[in-house]
Amino acid sequence: MSRLQVVSGKGGTGKTTVAAALALALATEGKRTLLVEVEGRQGIAQLFETEALPYEERKIAVAPGGGEVFALAIDPELALLDYLQMFYKLGGAGRALKKLGAIDFATTIAPGLRDVLLTGKACEAVRRKDKSGRFVYDYVVMDAPPTGRITRFLNVNDEVAGLAKIGPIHNQAQAVMRVLKSAETAVHLVTLLEEMPVQETADGIAELRAARLPVGRVIVNMVRPEVLDAAELELVRSTPRTAVARSLSAAGLGGARRGGHAERLVDPLLRQAEEYAERYALEHEQRAVLGELGLPLHELPLLAEGMDLAGLYELATELRKQGMS
């Protein structure tokens, strides 16, 4: 597995949930994972039922086998102060710039700078080593911007490296792109079995490939259980209405006479079967579209009880079973 795992997806597909579950899955058996948030929504804190994350790496969970998950909510202003201190040794002057509002001004008038800082901080965590020369984190998982912005977000350092031909900014941008465009990185896209998310996933993959960014896997989230298969649906369509009523009566659901309880159940049941058949056909059609993308495909179930911390661990277990650890 690549050491930097970037997770994107159309809004509403549950990409933050998948990123969190993936971080847990990768931390299994004593591994250390850093889960990075770049959009300032504090979605990670909500999922792990903890207080809002500060701009520091904090342990938020223990994975099966004793592994640890750390989390970091990257603040662009504070990341810029880190950058200024790292390359220009500004120290107190950098803090003074923040008080004067210069940092906020810089990240506002130059939106690309914000993305440079966010990706740069994540890549620094990927490369960081301890005193013994070992990587501090085995994996870094980034809960990245949505599919429509992911290519520009990851590729912004290429643009900066082209604009700044020499100096520390150029060198930093090149170092970040060496990580993002290498085998160390994999960009996963989260989708649902619905037409719009699947189409946006296909478009996102095409854009990532055109930018020579490493596409990883497609993760289908919130998959509902299959109640009837194709053969059973065909049987429902071909069975006469009267035979359905008789079957209901035989099952103890009222008499089969016209107007009886079983008779009244037939139409609602057939309507429900028709709606399920439509959804079944749509989902199989979208699976076929995803299958043509030429990427490994994983599916995560829709949790009947809703998403909580226990559900997050359940999804992590499912990802491990499917080889994403």
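Index from 1, following the sequence.
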Report task. To the nearest 0.5 Å, tell me how far Glu194 CD sits from Gln199 CD. Result -> 14.0 Å
Query raised in the report: Does the pair Glu299/Arg287 count as a salt bridge with the N-to-O cut at 4.0 Å?
Result: yes
Query - Results of salt bridge (charged side-chain N to carboxylate O under 4.0 Å, His left out) for Arg217 - residues two or more places apart only - result: none
Requested in this report: Would you check if the side chain of Thr147 reaches a backbone N or O of Glu200 as a donor-acceptor pair within less than 3.5 Å?
Outcome: no
Report task. Show the numbers, then the answer: is there a salt bridge (charged side-chain N to carboxylate O under 4.0 Å, His left out) between Glu124 and Arg128? Result -> CA-CA 6 Å; Glu124 181 276 326; Arg128 193 189 313 159; 2.9 Å; yes
Query raised in the report: Hey, is the main chain of Gln46 close enough, under 3.5 Å, to the side chain of Thr50 for a donor-acceptor pair?
Result: no
Report summary line: Rounded to the nearest 0.5 Å, the CD atom of Glu283 sits from the CD atom of Glu195 at a distance of 13.5 Å
Query - Non-hydrogen side-chain atoms of Leu118 and Met142 separated by less than 4.5 Å - result: no
Query raised in the report: Yes or no on side chain to side chain contact (heavy atoms under 4.5 Å, CB included) for Ile219 and Met324, after CA distance, side-chain angles and deciding distance?
Result: CA-CA 10 Å; Ile219 303 168; Met324 289 198 70; 4.0 Å; yes
Query - Non-neighbouring partners of Tyr137 that pass ring-ring contact (aromatic ring centres under 6.0 Å, His included), sequence neighbours left out - result: Phe70
Query raised in the report: Would you say Glu37's side chain and Ile74's backbone share a donor-acceptor pair under 3.5 angstrom?
Result: no
Query raised in the report: Do Arg209 and Val215 come close enough that some side-chain heavy atom pair is under 4.5 Å?
Result: yes
Query - Crowding at CD, Glu226 (>12 non-hydrogen neighbours, <6.0 Å) - result: yes
Query raised in the report: side-chain contact (heavy atoms from CB on, under 4.5 Å) with Lys181: which of Val176, Leu154, Asn155?
Result: Asn155
Report task. Report yes or no: does Glu68 contribute a side-chain atom to a donor-acceptor pair with the main-chain N or O of Ala27 at less than 3.5 Å? Result -> no
Query raised in the report: Tell me, do Leu300 and Val220 make a side-chain contact under 4.5 Å, heavy atoms counted?
Result: no
Report task. Mind jotting down which residue pairs meet the ring pair (Phe, Tyr, Trp, His ring centres under 6.0 Å) criterion with at least one end in residues 272-303? Sequence neighbours excluded, please. Result -> Tyr280-His284
Report task. Please check if the side chain of Thr33 supplies one atom and the backbone of Val140 the other of a donor-acceptor pair under 3.5 Å. Result -> no
Query raised in the report: Is Thr185 close to Val179 at the side-chain level, that is, under 4.5 Å between some pair of heavy atoms?
Result: yes
Report task. Measure from the side-chain N and O atoms of Thr16 to the backbone N and O of Gly43, and report whether any donor-acceptor pair falls under 3.5 Å. Result -> no
Report summary line: Looking only at heavy atoms, the pair that brings Leu180 and Leu213 closest together is O-CD2, 3.8 Å
Requested in this report: Report the C-alpha distance between Leu290 and Leu293 in whole Å, list the side-chain angles of each, state the deciding distance to 0.1 Å, and finish with yes or no for side chain to side chain contact (heavy atoms under 4.5 Å, CB included).
Outcome: CA-CA 5 Å; Leu290 293 172; Leu293 297 175; 3.9 Å; yes
Requested in this report: Would you check, one step at a time, whether the test side chain to side chain contact (heavy atoms under 4.5 Å, CB included) holds for Ile150 with Val6?
Outcome: CA-CA 9 Å; Ile150 187 61; Val6 180; 4.1 Å; yes
Query - Residues, nucleotides or ligands: over 12 heavy atoms within 6.0 Å of Gln272 CD - result: no
Requested in this report: Nearest 0.5 Å please: distance from the OG1 atom of Thr201 over to the CD atom of Gln286.
Outcome: 10.0 Å
Requested in this report: Would you kindly confirm whether Val141 and Phe135 end up in one hydrophobic cluster when ILVMFWY residues are joined by side chain heavy atoms under 4.5 Å apart?
Outcome: no
Query raised in the report: Side chain of Asp138, backbone of Arg32: donor and acceptor closer than 3.5 Å?
Result: yes
Query raised in the report: How many angstroms lie between atom CZ of Phe48 and atom CG of Asp308, to the nearest 0.5 angstrom?
Result: 12.0 Å
Report task. Could you tell me whether the side chain of Gln5 and the main chain of His188 form a donor-acceptor pair under 3.5 Å? Result -> no
**Report entry** Lys15/Glu39 ion pair, N-O < 4.0 Å
**Finding:** yes
Query raised in the report: Is there a side-chain contact between Thr13 and Pro197 (heavy atoms, below 4.5 Å)?
Result: yes
Query raised in the report: Do other residues, nucleotides or ligands put more than 12 heavy atoms under 6.0 Å from Met196 CE?
Result: no
Report summary line: Smallest heavy-atom separation, Leu26 atom then Ser325 atom, equals CD2-CA, 3.7 Å
Report task. Evaluate the side-chain proximity of Leu34 to Val136: yes if any heavy-atom separation is below 4.5 Å, no if none is. Result -> no
Query raised in the report: Are the charged groups of Arg320 and Glu29 less than 4.0 angstrom apart, N to O?
Result: no
Requested in this report: Measure the shortest side-chain to side-chain distance between Val7 and Leu22 over non-hydrogen atoms and say whether it is less than 4.5 angstrom.
Outcome: yes
Query raised in the report: Looking only at heavy atoms, what is the nearest atom pair of Ala25 and Thr28, with distance?
Result: O-OG1, 2.8 Å
Report summary line: dist Glu56:CD -> Asp75:CG (nearest 0.5 Å) comes out at 12.5 Å
Query - Sidechain-backbone polar pair: Ser2 side chain, Leu4 backbone, donor-acceptor under 3.5 Å - result: no
Report task. Could you tell me whether Arg279 and Glu275 make a salt bridge, using a distance below 4.0 angstrom between a side-chain N and a carboxylate O? Result -> no
Requested in this report: Answer yes if Leu72 and Val126 sit in the same cluster of Ile, Leu, Val, Met, Phe, Trp and Tyr residues linked by side chain heavy atoms under 4.5 Å apart, and no otherwise.
Outcome: yes
Query raised in the report: Looking only at side chains, do Glu318 and Gln322 share a donor and an acceptor under 3.5 Å apart?
Result: yes
Report summary line: Taking every heavy atom of Leu302 against every heavy atom of Arg224, the minimum-distance pair comes out as CD2-CG, 3.5 Å
Query - Stepwise salt bridge (charged side-chain N to carboxylate O under 4.0 Å, His left out) check, Arg58 with Glu51 - result: CA-CA 11 Å; Arg58 171 182 293 177; Glu51 60 189 25; 3.0 Å; yes
Report summary line: Between Ala316 and Ala21, the two heavy atoms sitting closest are CB-O, 3.4 Å
Query raised in the report: Which pair of non-hydrogen atoms, one from Val38 and one from Pro145, has the smallest distance, and what is that distance?
Result: CG2-CD, 3.8 Å
